[in-house]
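Proteins get letters first, then strands, A, B, ... in listed order; numbering begins at 1 in each.
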There are 2 protein chains.
Amino acid sequence: MVGKEIPDIIVGRLPIYLRALRHMREDGQQTTSSQELGKQVGISAAQIRKDLSQFGEFGKQGTGYLISYLIDKLCEILKVDRVWDVAVVGAGDMGHALTRYQGFFNRGFRITMIFDNNPDLLGKKIGDLTIQSTDALVSALKAGKVSLAMLTVPATAAQKITDLLVEAGVKAILNYAPISLNVPEGVIVQYIDPSTHLQRMTYYL
Amino acid sequence: MVGKEIPDIIVGRLPIYLRALRHMREDGQQTTSSQELGKQVGISAAQIRKDLSQFGEFGKQGTGYLISYLIDKLCEILKVDRVWDVAVVGAGDMGHALTRYQGFFNRGFRITMIFDNNPDLLGKKIGDLTIQSTDALVSALKAGKVSLAMLTVPATAAQKITDLLVEAGVKAILNYAPISLNVPEGVIVQYIDPSTHLQRMTYYL
DNA sequence: TAGATTGTTAATCGATTAACAATC
DNA sequence: TAGATTGTTAATCGATTAACAATC
């Protein structure tokens, strides 16, 4: 295979597979099949095999996939065979919750900075981290070579902060503010907005 | 058009359009075009027109869409022309953050109950709401006819709580626990897992 | 060996885009 | 009227599924 572009929809499923495989491993399981994994995550066995085949041959006919091996391979593919530093901007309830969340580290992430523009919060601590002024954001991120950020500021501030993140060299933003962001080519944004998720479901009720 | 099934991928874009239209209205804007809206949300104008045309004719040649009218129509379609009661299960940092979040109400949702199984938390208040025992979950949800829930418990407890939610008649679950849930036909799940979102982005870095 | 399951191909299905007549 | 923009059709593009030879 010569570096043909992988569709993003496939990339988006890999973390789901990885998560399920980790759960299987925690349960002491050693091997699985595309059928079993598919049933677990609600995706057809054929699709899982097709998705994985984009990246190599990870299974064995007759026996399926060695869970630990497939986990390693997926971590490599997703580049989470290392730990990424992540900055949080916005130290409200959501930023607070994310910063204290213990689940990031063994998924490949570590929150190393938190920022807010509220003077009352500056210098306060969340866990080991001290809340810094957004005035320091660009220089601190550049110095720390941070390329991932989570954005938990109000919608009204989100675009302005985004522009700072871009200026600071951030390449991927997980946006919790309920607004679409404009970013230049080469910067990726993913959106988490519980209201849009809920609205997508109420349609069916 | 005779009730032909709308693809879920289209349903999923409607809340995005709705959110952008509301921002436009807040800015005092009265009309928009598929081109302008598309630029705002990063979707082609043709696709927006095609999506909307599944539900009716909401625009005018030459002038585009009346924002307030289109908002009303999208709210009707998504069934958020009313306010839905939502239960939160899990009163950790994330459940806390969601319960205190002010942004739900004008998107069509209102958190009316919060549950946790930690005895130390029972009876404590988050805003106006008192944390209830998960033992009371099924009866309280049935009594309140709640059909939406947000799940913010640890992954280890998520499936067990999901079974209770299903038993209580919940039809849509927004799952913050990092695990795939099994639900019967007729129950919808949406997933929010920041780690999977981040992993989807690190692939490209 | 016999049964199971992969990786892959071809067929099907679905989604997006381009183009344009209709019309405000 | 002239310019703009819709709703819709046909063409294109992409994703999913079914099927099966290969092989553990």
Side-chain angles (χ1 to χ4, degrees), chain A residues 1-17 20-21 24 29-74 77 200 203-204, chain B residues 1-17 20-21 24 29-74 77 200 203-204:
Chain A
M1 181 188 330
V2 265
K4 71 177 155 179
E5 185 110 334
I6 307 290
D8 179 62
I9 196 160
I10 293 182
V11 175
R13 283 191 292 258
L14 300 185
I16 311 292
Y17 302 158
L21 289 163
M24 289 176 176
Q29 204 175 327
Q30 307 217 317
T31 63
T32 189
S33 63
S34 58
Q35 190 168 40
E36 185 187 46
L37 180 57
K39 207 186 152 198
Q40 185 54 236
V41 301
I43 290 174
S44 80
Q47 181 151 89
I48 288 176
R49 293 200 301 278
K50 191 102 201 292
D51 287 353
L52 295 177
S53 75
Q54 305 290 312
F55 302 95
E57 306 191 356
F58 306 124
K60 259 209 201 93
Q61 288 101 325
T63 58
Y65 302 91
L66 200 60
I67 290 174
S68 280
Y69 178 73
L70 188 50
I71 288 174
D72 287 348
K73 287 298 168 184
L74 287 174
I77 293 164
R200 184 179 191 152
Y203 172 82
Y204 297 98
Chain B
M1 181 188 330
V2 264
K4 70 177 154 180
E5 185 111 331
I6 306 291
D8 179 61
I9 197 159
I10 292 181
V11 176
R13 283 192 292 257
L14 300 185
I16 311 293
Y17 302 159
L21 290 163
M24 289 176 178
Q29 205 177 327
Q30 307 217 317
T31 63
T32 189
S33 64
S34 58
Q35 190 168 37
E36 184 187 47
L37 180 58
K39 207 187 152 198
Q40 185 53 236
V41 300
I43 291 174
S44 78
Q47 181 151 90
I48 289 177
R49 293 200 302 276
K50 191 102 201 293
D51 286 352
L52 296 177
S53 75
Q54 305 290 311
F55 303 95
E57 307 192 355
F58 306 126
K60 259 208 201 94
Q61 288 102 324
T63 59
Y65 302 91
L66 200 59
I67 290 175
S68 280
Y69 178 72
L70 188 51
I71 288 174
D72 286 350
K73 287 298 168 184
L74 287 174
I77 292 164
R200 184 180 192 153
Y203 172 82
Y204 297 99

Requested in this report: Return yes when atom CD of Glu36(B) has more than 12 non-hydrogen atoms of other residues, nucleotides or ligands closer than 6.0 Å, and no otherwise.
Outcome: yes
Exercise. Return yes if a side-chain donor-acceptor contact under 3.5 Å exists between Tyr204(B) and Asp8(A), otherwise no.
Key: yes
- Establish, with yes or no, whether the OP1 or OP2 oxygen of dT17(D) is under 4.0 angstrom from a side-chain nitrogen or oxygen of Ser44(A). yes
Here the distance between atom C1' of dT5(C) and atom CG of Leu66(A), to the nearest Å, is 15 Å
Closest of dT16(C), dT17(D), dT5(D) to the Gln47(A) side chain is dT17(D)
Gln35(B) CD to dA4(D) P, in whole Å, measures 10 Å
Considering only heavy atoms from C-beta outward, does the side chain of Tyr65(B) approach that of Leu52(B) to under 4.5 Å? yes
**Prompt:** Leu70(A) versus Tyr17(A): any side-chain heavy-atom pair under 4.5 Å?
**Reply:** no
Here the pair of heavy atoms bringing Gly12(A) nearest to Ile16(A) is O-CG1, 3.7 Å
Letter by letter from the 5' end, nucleotides 18-24 of chain D scores (B base, S sugar-phosphate only, - none; protein heavy atoms under 4.0 Å) BB--BBB
In short, side chain to side chain donor-acceptor pair (under 3.5 Å) pairs touching residues 40-50 of chain A with sequence neighbours left out are Arg13(A)-Gln47(A), Ser34(A)-Arg49(A)
For DNA chain C, consecutive-pair runs of 3 or more (Watson-Crick or G-U wobble, both H-bond-type distances under 3.5 Å) give C:3-24 with D:3-24
**Study point:** Close side-chain approach of Phe55(B) to Ile10(B), heavy-atom, < 4.5 Å
**Key:** yes
Regarding the side chain of Arg13(B), the nearest nucleotide among dT6(C), dT16(C), dT16(D) is dT16(C)
The nucleotide from dT8(D), dG7(C), dA15(C) with an atom nearest the side chain of Ser53(A) is dG7(C)
For Gln30(B), does the CD atom have more than 12 heavy-atom neighbours from other residues, nucleotides or ligands under 6.0 Å away? no
From CD1 of Ile10(B) across to C1' of dT8(D) the rounded distance in Å is 14 Å
Taken to the nearest whole Å, CD1/Ile6(B) to C1'/dA15(C) is 14 Å
Separation of dT16(D) atom P from Asp8(A) atom CG, nearest Å, is 12 Å
To the nearest angstrom, the CD-P distance between Glu5(B) and dG14(C) comes to 11 Å
### Query
Met24(B) versus Leu37(B): any side-chain heavy-atom pair under 4.5 Å?
yes
Taken to the nearest whole Å, CG/Leu70(B) to P/dT5(D) is 15 Å
Atom CG of Asp51(A) and atom P of dT16(D) are separated, to the nearest Å, by 7 Å
When Glu57(B) and Ile9(A) are each assigned the nearest nucleotide of DNA chain D, the 5'-most assignment goes to Glu57(B)
At less than 4.0 Å, is any side-chain N or O atom of Tyr65(B) found next to OP1 or OP2 of dG7(D)? Yes or no.
yes
